[in-house]
Peer 1: 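Mind having a look at this structure? Questions to follow.
All values below were derived from every heavy atom in this structure, side-chain atoms included, with hydrogens, water molecules and symmetry-related copies excluded. Worth saying up front: this structure is predicted, and the values here are computed from it rather than measured. The chains referred to below are lettered A, B, ... by the order of the sequence lines, with proteins before strands, and numbering in each begins at 1.
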Protein chains: 2
Amino acid sequence: MSSSRFPIPQGTLDMLVLQMLSLGPAHGYGIAQRLHQVSREAVQANQGSLYPALHRLEQKGLLKSDWRESETGREAKFYSLTRAGEKQLAVEKESWNRLTAAVRLIFNEGR
Amino acid sequence: MSSSRFPIPQGTLDMLVLQMLSLGPAHGYGIAQRLHQVSREAVQANQGSLYPALHRLEQKGLLKSDWRESETGREAKFYSLTRAGEKQLAVEKESWNRLTAAVRLIFNEGR
DNA sequence: ATCAGTTACCTCAACCTTCGATGTAATGTA
DNA sequence: TACATTACATCGAAGGTTGAGGTAACTGAT
């Protein structure tokens, strides 16, 4: 409630979704929960961002989906990484690392 | 040329510009140069992103500008941080740190 | 039986930023 | 003369996030 939430920058959500799915298949709602828990409440995936993200990732061939029964016994759409998705995750991690390294340099210059 | 450039995520450029100006006043072109040098060629600010960013930051009252003679003896628009800009920079740094910390958690979970 | 809360999916318009292209103009240099 | 650099600017296209709204089924409590 009170903790000021930072915005998730453009493109970052895709990477986080791919990362979550690298731990195994999950449905949309579950991905949001994983993200929330694993980040210790820091990341709160908006449903209005998450579902479109899943759709475009699937359309790009980075994910595939099928309907299965969820842990609660209800039908849910489970997503899993494709080979291309794994590769893309590696690429985006690498980009992220370069970006954060650059920002670190920028902040540390001129102490 | 060959080094694949990562995109600067939405909102990040503003923070980087503020940070550059926290080192002292500079004109747009100079900010781009500082960014490029300080980041060791990793960040390449697009002029089509940079000038609009400067304009909106000034409009928000985070920067102020005046025309002065540049190092090369030509007229240039020098920007400098306002008090509000300094505060905003602190806020955005804090957000950035929370974001990167969260992403680090997400990546490290499940090694 | 009803009400609230949770699980689980989805869509849409508004907003904002980045990108790449394009344009102007002055200076320096080969 | 011609090209690269400095230095400003604008514009449309593209793309993703947000917040709001909507559907539906299941659970537990009153």
Peer 1: Would you mind telling me which of D/dT18, D/dT6, C/dT18 lies closest to the side-chain atoms of B/T72?
Peer 2: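 The nucleotide sitting nearest to the side chain is D/dT6.
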Peer 1: Would you kindly give the CG-to-P distance between B/L54 and D/dA9, to the nearest whole Å?
Peer 2: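 It works out to 8 Å between those atoms.
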Peer 1: Can we say A/D66 and A/K64 salt-bridge, meaning some charged N sits less than 4.0 Å from an Asp/Glu carboxylate O?
Peer 2: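 Answer for the salt bridge query: no.
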Peer 1: Grab the CD-P distance between A/Q10 and D/dG15 for me, whole Å please.
Peer 2: 10 Å
Peer 1: A/Y51 side chain N/O closer than 4.0 Å to the phosphate oxygens (OP1, OP2) of C/dC9?
Peer 2: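 For A/Y51, the contact criterion (side-chain N or O under 4.0 Å from OP1 or OP2 of C/dC9) is met.
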Peer 1: Could you check whether atom CZ of B/R40 has more than 12 heavy atoms from other residues, nucleotides or ligands sitting under 6.0 Å from it?
Peer 2: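 Counting other residues, nucleotides and ligands, CZ of B/R40 stays at 12 neighbours or fewer.
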Peer 1: Short of 4.0 Å, heavy atom to strand atom, which residues of residues 25-36 of chain B count as contacting DNA chain D?
Peer 2: B/H27, B/G28, B/Y29
Peer 1: Could you check A/Q88, A/R56, A/Q19 and say which one makes a side-chain hydrogen bond (donor to acceptor under 3.5 Å, both in side chains) with A/D14?
Peer 2: A/R56
Peer 1: Among C/dC9, D/dT18, D/dG16, find the nucleotide with the atom closest to the side chain of A/S49.
Peer 2: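 Output: D/dT18.
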Peer 1: Find the distance A/E58:CD to C/dC9:P and express it as a whole number of Å.
Peer 2: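 In whole Å, C/dC9 P and A/E58 CD are 12 Å from each other.
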Peer 1: Just checking, is any N or O donor in the side chain of A/Q33 or A/Q37 under 3.5 Å from an acceptor N or O on the other one?
Peer 2: no
Peer 1: Between A/S95 (side chain only) and B/F6 (backbone N and O only), is there a donor and an acceptor less than 3.5 Å apart?
Peer 2: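 It does not hold such a pair.
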Peer 1: Spell out, as yes or no, whether a donor-acceptor pair under 3.5 Å connects the side chain of A/T12 to the backbone of A/I8.
Peer 2: no
Peer 1: Can you tell which of C/dT17, C/dC9, D/dA9 lies closest to the side chain of B/Y79?
Peer 2: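 For B/Y79, the side-chain atoms sit closest to D/dA9.
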Peer 1: Figure out the CG/P separation between B/L50 and D/dT10, and round it to whole Å.
Peer 2: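 Rounded to whole Å, this separation is 13 Å.
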Peer 1: Report yes if a donor N or O on one partner sits less than 3.5 Å from an acceptor N or O on the other, where the partners are the side chain of B/R74 and the base of C/dT27; otherwise report no.
Peer 2: no
Peer 1: Distance criterion of 3.5 Å, no angle test: do you see the side chain of B/E75 paired donor-to-acceptor with the base of D/dC8?
Peer 2: no
Peer 1: Tell me if a side-chain donor or acceptor on A/S65 pairs with a main-chain N or O of A/F78 at a distance below 3.5 Å.
Peer 2: no
Peer 1: Figure out the CZ/P separation between A/R68 and C/dA8, and round it to whole Å.
Peer 2: 14 Å
Peer 1: How long is the line joining CG of B/N46 and P of D/dA14, in whole Å?
Peer 2: 17 Å
Peer 1: Checking all strands, does B/G11 fall into the base, sugar-phosphate, or nothing category for heavy-atom contacts under 4.0 angstrom?
Peer 2: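 The residue B/G11 makes sugar-phosphate contact but no base contact.
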Peer 1: Closer to the 5' end of DNA chain C via nearest nucleotide, is it A/K77 or B/D14?
Peer 2: A/K77
Peer 1: Roughly how many Å is it from NE2 in A/H55 to P in C/dA8, rounded to a whole number?
Peer 2: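 Computing the A/H55:NE2 to C/dA8:P distance gives 15 Å.
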Peer 1: Checking contacts here: which listed nucleotide (C/dC16, C/dC19, D/dA7) is nearest the side-chain heavy atoms of B/A76?
Peer 2: D/dA7
Peer 1: Can you measure A/R56 atom CZ to C/dC10 atom P for me and round it to whole angstrom units?
Peer 2: 14 Å
